[in-house]
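In what follows, chains carry the letters A, B, and so on, assigned in the order in which the sequence lines appear, proteins first and then strands, with residues in each chain numbered from 1. FYI, side chains are in, hydrogens and waters are out, and symmetry mates aren't considered; it's all heavy atoms of this structure.
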Protein chains: 2
Amino acid sequence: MSTIFIPKHIRPMHGRLAYNDCALFHDMTNVELDTLESCADQTKCNAGDYLFRQNAPSDHVYNVISGTVAIERVSNNGRRQVLGFLFPGDFLGITNSAHYDYAVRSLTKTELYKFNRKRLYTLADELPHLKTNIAEISSRIFNRILDQLYILGQKKAHERLCFLFMQLLERLPGARPDRVELYMTRQDMADYLGLTIETVSRSLAKLKADGLIAFPQLNVLQILDIAKVSELADT
Amino acid sequence: MSTIFIPKHIRPMHGRLAYNDCALFHDMTNVELDTLESCADQTKCNAGDYLFRQNAPSDHVYNVISGTVAIERVSNNGRRQVLGFLFPGDFLGITNSAHYDYAVRSLTKTELYKFNRKRLYTLADELPHLKTNIAEISSRIFNRILDQLYILGQKKAHERLCFLFMQLLERLPGARPDRVELYMTRQDMADYLGLTIETVSRSLAKLKADGLIAFPQLNVLQILDIAKVSELADT
DNA sequence: CGCTACATTGACAGCGTTCAAGGTAAGTGG
DNA sequence: CCACTTACCTTGAACGCTGTCAATGTAGCG
């Protein structure tokens, strides 16, 4: 039944999450959702586990139920670029190539739905809403990458961090200006923003000294001056 | 007739251009090509002209026949990021949103095919090859953006330039190691690579002094040591 | 020839990286 | 409960790359 298929902690997002990717089920009838369920399986990961590695065959599309994951790309010489952080409701693995061009690493304990990619795509030919939704999700992912590209090309360290904060605030379920849980390490932030861990640390210290943010705990961020942070983050 | 529809200077690429986007017509029958032609129109631009601006309604998909264009994104504060350079055979304007998230500026005199986007997409529902090809093209565009993201996040100025050179060598029709025409200005390169024009100039001078490249003319590049350039460019 | 746009070069400052040391927090075992 | 370990984070100092500002050079064009 479709009411079982969509777990409680995702359901309430439907109305709220305009920016999140949780839209695969959007506008679909219960009958359609039942069909969709036939492609679905569930899986889980522990913190640090790789869901899949770079160049693995792209057999599945995943939907994060709970937890946080990082999309990474590692080059020949070992340098790592984090392409994004994904949260509950987000999709990953949507691709047209036969292999994933990136790896996915869990930052926390993570539960995911797992769809057979080919079956999902075949199904999309029959269910127009599903196809529209997949296109819509791809489009959002693409736009996020463009934002990140702009940030890496044009922004200073402290601006990049503000960009990350605003992204977390918008996309991380449960994040509020006075409490944003940072599930990633400083190194993950650095690799996402194209900086070193030291620069991240120093820039955080600067933003803190300037009264824009605070850290009630090491991994809990408080945004004190959201107007300024938002301005610095601006794309 | 489909033999008219695909102009001579594109036709020969079909077999060769594994990395170029000129694949919309791939595997299609003459009947299918005739149908495709019904969506097509032709247009041209002068150097410096904008084909369309950021946030314009995304009414058309374009295919470059001749010339070079730059995809750009400008932010609120005026900083510009070039998202890519496109050459004959390349597509642009493939999107799922109602508006373009970027502007397209001609670097040279440019001729393009122009497809009504909605009609093209409707047609894609009927012609399976066309739909596959559109997906294939989108996938390549996405991968190029990921490469660029990595470059901006991890590489030094001279490495970024080598990356650009290798891209031009692979994607610009007619480019050979001993002769790569640079249709873009130094400023365009800078905005593409997330650098300033001065840094571009200095890094070019350094690469020249090291004997990796030469400039027979200001806008003609010669790659003297392709092994090293390729190594520096490596993603 | 002189105008204009584009490119190069120089001097200098500043931001970010690198290398190194020290600090903090959580978990383990005595 | 406390020392010890480990992983992560912060801070410091020096260096170097890149940005900024300014001047000069160069190619194309009327």
Side-chain angles (χ1 to χ4, degrees), chain A residues 46-48 68 70 77-82 105-109 151-164 181-210 213-221 232, chain B residues 46-48 68 70 77-82 105-109 151-164 181-210 213-221 232:
Chain A
N46 285 316
T68 304
N77 54 35
R79 286 184 279 190
R80 183 178 73 149
Q81 177 66 47
V82 170
R105 181 171 48 93
S106 304
L107 301 179
T108 62
K109 263 184 189 286
I151 289 296
L152 293 188
Q154 308 292 336
K155 293 275 197 176
K156 299 213 178 304
H158 66 285
E159 296 172 318
R160 300 188 196 195
L161 279 163
C162 289
F163 167 74
L164 172 60
E181 301 253 4
L182 303 175
Y183 296 109
M184 70 290 290
T185 64
R186 301 292 192 264
Q187 186 65 60
D188 291 327
M189 295 187 206
D191 290 343
Y192 178 62
L193 299 173
L195 301 168
T196 59
I197 186 174
E198 294 94 334
T199 301
V200 167
S201 223
R202 268 186 267 269
S203 300
L204 289 178
K206 180 71 166 45
L207 289 169
K208 206 165 65 177
D210 292 348
I213 60 171
F215 284 97
Q217 299 163 52
L218 195 56
N219 288 317
V220 176
L221 167 74
L232 288 170
Chain B
N46 286 316
T68 304
N77 55 34
R79 286 185 279 191
R80 182 177 74 146
Q81 177 66 48
V82 171
R105 182 171 48 92
S106 304
L107 301 180
T108 62
K109 265 186 188 286
I151 290 296
L152 294 187
Q154 307 292 333
K155 293 274 196 177
K156 301 223 175 296
H158 66 286
E159 296 173 316
R160 298 187 197 194
L161 280 164
C162 289
F163 167 75
L164 172 60
E181 301 254 4
L182 302 175
Y183 296 109
M184 69 288 293
T185 65
R186 301 291 192 263
Q187 186 65 59
D188 291 327
M189 296 187 205
D191 290 343
Y192 177 61
L193 300 172
L195 302 168
T196 60
I197 186 174
E198 294 94 335
T199 300
V200 167
S201 225
R202 268 186 268 270
S203 300
L204 289 178
K206 179 73 166 46
L207 289 170
K208 207 164 64 177
D210 292 349
I213 61 171
F215 284 97
Q217 299 163 52
L218 195 57
N219 287 317
V220 176
L221 167 75
L232 288 170

Please enumerate all residues that pass salt bridge (charged side-chain N to carboxylate O under 4.0 Å, His left out) together with Lys109(A), with sequence neighbours excluded. none
Within 45 degrees of the ring normal and closer than 6.0 Å to the centroid, is that where the cationic atom of Arg186(A) sits relative to Phe215(A)? yes
Using only atom types and a distance under 3.5 Å, with no angle test, would you say the side chain of Glu181(A) pairs donor to acceptor with the backbone of Asn219(A)? no
From CG of Asp188(B) over to P of dC6(C), roughly how many Å is that when rounded to an integer? 9 Å
How long is the straight-line distance from CG of Leu195(A) back to NZ of Lys156(A), given to the nearest 0.5 Å? 11.5 Å
When Lys156(A) and Asn219(A) are each assigned the nearest nucleotide of DNA chain D, the 5'-most assignment goes to Asn219(A)
So Gly194(A), base contact, sugar-phosphate only, or nothing? Heavy-atom distance under 4.0 Å. sugar-phosphate
Please state how far atom CZ in Phe215(A) lies from atom C1' in dT24(C), giving the value in whole angstrom units. 15 Å
Just the rounded figure in Å: distance from P of dG16(C) to CD of Glu198(A). 13 Å
When the distance from CD1 of Ile197(A) to P of dT17(C) is rounded to whole Å, what number comes out? 12 Å
To the nearest angstrom, how far is Leu107(B) atom CG from dC6(C) atom P? 12 Å
In a check of side chain to side chain contact (heavy atoms under 4.5 Å, CB included) between Arg160(A) and each of Leu193(A), Thr199(A), Val200(A), Leu232(A), which one passes? Leu193(A)
What is the distance, rounded to the nearest whole Å, between atom NZ of Lys206(B) and atom P of dT9(C)? 14 Å
First and last nucleotide of DNA chain D in contact with chain A, 5' to 3', at under 4.0 Å to a heavy atom: what are they? dC9(D) to dA13(D)
Quick check on dG16(C): is either OP1 or OP2 less than 4.0 Å from any side-chain nitrogen or oxygen of Thr199(A)? no
For Thr185(A), which contact category applies under a 4.0 Å heavy-atom criterion: base, sugar-phosphate, or nothing? sugar-phosphate
State whether Asp188(B) and Arg105(B) are salt-bridged, where the test is any N-O pair (Lys NZ or Arg NE/NH1/NH2 against Asp/Glu carboxylate O) under 4.0 Å. yes
With a 4.5 Å limit on heavy-atom distance, are the side chains of His158(A) and Asp210(A) in contact? no
note: Arg202(A), atom CZ; dT17(C), atom C1'; distance rounded to Å ~ 8 Å
Expressed as a whole number of angstroms, how long is the span from Lys155(A):NZ to dG16(C):P? 13 Å
